[in-house]
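The basis for the numbers below is simple: all heavy atoms, side chains too, and nothing from hydrogens, waters or symmetry mates. The sequence lines fix the lettering, A, B, ..., with proteins before strands; numbering per chain opens at 1.
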Amino acid sequence: MARLDKLRRLREAGIDPWGGRFDDRSMISAVRERATEIKFRIADGTEIDLPEIGPDTDLRAWRTEQGPGEDIGPRVRVAGRVMLLRDKGKLVFVTLRDWTGDIQIFIGKNQVGEENFELTKLFDLGDLIGVDGRLGRTNTGELTVFAERLHFMTKMLEPAPDKHAGITDPELRQRMRYADLAFNDGVMKTFLDRTTIVRSIRQTLDRDGFCEVEGPTLHTVAGGAAARPFVTHHNTLDMQLYLRIALELHLKRLMVGGIERVYELGRVYRNEGVSPRHNPEFTMLEAYQAYGDYRSMMDLTERIVTDAIEAIGGGFQRRFGDVEIDFTPPFARQTYAELFQAATGIDPADEQRVTRLAAELAIPTAGKHPDVIRNEIFEEKVEDSLVGPIFVIDYPASICPLTKRKADNPAIAERFEMFICGMELANAYTELNDPELQETLFKTQLAGMAEDDSMAKMDHDFVRALRYAMPPAGGLGIGIDRLVMILTGQRSIRDVVLFPTLRPE
RNA sequence: GAGGGCGUAGCUCAGUCGGUAGAGCAAAGGACUUUUAAUCCUUUGGUCCUGGGUUCGAGUCCCAGCGCCCUCACCA
């Protein structure tokens, strides 16, 4: 009988196939925790605990040994999706799933009565049902709700995916995330973990006295990062607008205004290529702390990451692919120059040998600033191999134009990047707050931009804001999606973004 | 944007040298009161991504296109 026929049969039996309010149900995880309340009541009325349940448990034999008696378990009400259906004639087993877990339902014809039992004939994989029953264990020891009454909740009209493999086509999983969440193991957990991580980050920042704000996502000038923006248009104002590519410039304006610890955790949009580590829209945290510097932000980053790990559990030793990562604080801190020297055997200050190495690595050097060449070598020889977590500190100043230099060494910028498994997870600076220097650096940056990046413009208002005095500050950016990838063990950003950008069907 | 791989039943996948389109799950009918990816019997189910070409004959070989995945580039 097809699903639509069953729908009709439900209606004919006076049952609404789309269900309704269903009060007082317990979450399946909570029901599972009540397993210890199940007792075996023997003839004289005394109640004894069930034996330890193992893979070879034979409760039927154990019950026979105890003599005449019966299982007494708590009455529970659950609701969820029918994941597996095992029809044994006058007996039907259902594996029911809600968003907290799975539990088996036992539906015996003699136990629930003819009318309820007829309802099971109208069940399909994927339907939503409600069950009243008593918690107990089957002969094999499986924790089970022995149904006393069935409630039909909602009919699924589409065929269910393969009950073992689920949906494996990555495009379908992303396009039909609803089915992915409902039928593929572990997907729900990953996204609930994502929520837990984001909540934990807010808690860490709030506890440190940071103030969460919401900046504009529509910008008249898209600044704060070197990326191409999405362009849009406001009709009645008849003006071109850009979707933000970073949170930075508005948060700094707020620092000028006196919001001394400020952060935004929100979506930014970059009109660049897609890859397993890049989605056109992604979630960034940016935090700014007045009277701090990049070292303050390093401590904060470490707390944000370790708090998030504690929030989702599983300990500081974690796996990502086949790599073992140790998040036990403190995280390693090494200078850019040290790492360069260790990986290449060459002193980064040795101009000649750096140039020779660039040639060996087939890195074109013509017309490039030595620091740019150095950084290309660094990216190739160092970054990919950093398992981390590690803070790479003290970058060459010329590749960080918007960063304060070290007071005692103007060639070095007060910046760190945190790497885990070769991925850049965080980036922080001691922020530049000199408006005149900022303006000059903006101009040089714009002059160096390619023709197709011409939508980059000078943000005059931002420079004016700095003229009203922004306190010296540390600033931090964390790529939330990548952090979630690392902490949940997902290799693709599209497995931690609920609805990644896709071409239309 | 460049290179490589993939596209077959509702789902997961086989498909040999170019010779009648296959399996498991799902679906439909039946048996079974402690199963658990239940099992057993029966049945149904195809635009082989699209369009050309080679050939007596193409899921298979060739060309083009579309889509997805991976690597690289831009970027975080």
So Glu424(A), base contact, sugar-phosphate only, or nothing? Heavy-atom distance under 4.0 Å. sugar-phosphate
Identify the nucleotide, in any strand shown, that forms a Watson-Crick or G-U wobble pair with U16(B), with both distances under 3.5 Å; if there is none, say none. none
Kindly list each side-chain donor-acceptor pair under 3.5 angstrom involving residues 81-96 of chain A, sequence neighbours excluded, with atom names and distances?
residue  : atom : partner   : partner atom : Å
Arg81(A) : NH1  : Gly126(A) : O            : 2.9
Arg86(A) : NH2  : Gln104(A) : OE1          : 2.7
Asp87(A) : OD1  : Gly89(A)  : N            : 2.9

Charged N to carboxylate O under 4.0 angstrom, Asp180(A) versus Arg173(A)? yes
Please confirm whether the backbone N or O of Ile393(A) pairs with a side-chain atom of Arg333(A), one donor and one acceptor, at under 3.5 Å? no
Under the rule for side-chain hydrogen bond (donor to acceptor under 3.5 Å, both in side chains), what residues qualify as partners of Thr306(A), not counting sequence neighbours? none
Could I get the full list of side chain to side chain contact (heavy atoms under 4.5 Å, CB included) partners for Arg60(A), not counting sequence neighbours? Asp58(A), Thr64(A), Asn139(A)
Examine A38(B): is either OP1 or OP2 under 4.0 Å from a nitrogen or oxygen in the side chain of Lys163(A)? Give yes or no. yes
Under 4.0 Å, heavy atom to any atom of RNA chain B: which of residues 88-108 of chain A qualify? Lys88(A), Gly89(A), Lys90(A), Leu91(A), Phe93(A), Gln104(A), Phe106(A)
Does C70(B) have its OP1 or OP2 closer than 4.0 Å to a side-chain nitrogen or oxygen of Arg494(A)? yes
Set out, line by line, the N/O atom pairs under 3.5 Å between protein and nucleotides 41-47 of chain B.
none

Return the nucleotide paired to U35(B): Watson-Crick means purine N1 to pyrimidine N3 with N6-O4 or O6-N4, wobble means G-U with N1-O2 and O6-N3, both under 3.5 Å. none
Heavy atoms only, 4.0 Å cut-off, all strands: where does Gly477(A) land among base, sugar-phosphate and nothing? nothing
Would Glu37(A) and Arg134(A) pass as an ion pair if we require N to O under 4.0 Å? no
Who are the side-chain hydrogen bond (donor to acceptor under 3.5 Å, both in side chains) partners of Arg374(A), not counting sequence neighbours? Asp371(A)
Tell which nucleotide pairs with C6(B), taking only Watson-Crick or G-U wobble pairs whose two distances are both under 3.5 angstrom. G67(B)
Checking N1-N3 plus N6-O4 or O6-N4 for Watson-Crick, or N1-O2 and O6-N3 for wobble, each under 3.5 Å, the partner of G1(B) is C72(B)
Just call it for Arg137(A): base, sugar-phosphate, or nothing, with non-hydrogen atoms closer than 4.0 Å on any strand. nothing
At 4.0 Å (heavy atoms only), tell me whether Glu158(A) reaches a base, stays on the sugar-phosphate, or touches nothing. nothing
Between A14(B) and U8(B), how far apart are the two C1' atoms, rounded to whole Å? 10 Å
Under 4.0 Å between a side-chain N/O of Thr168(A) and OP1 or OP2 of C13(B), yes or no? yes
Between U12(B), U35(B), A26(B), spot the one nearest the side chain of Ala165(A), thanks. U12(B)
Watson-Crick/G-U partner (both atom distances under 3.5 Å) of U44(B): none
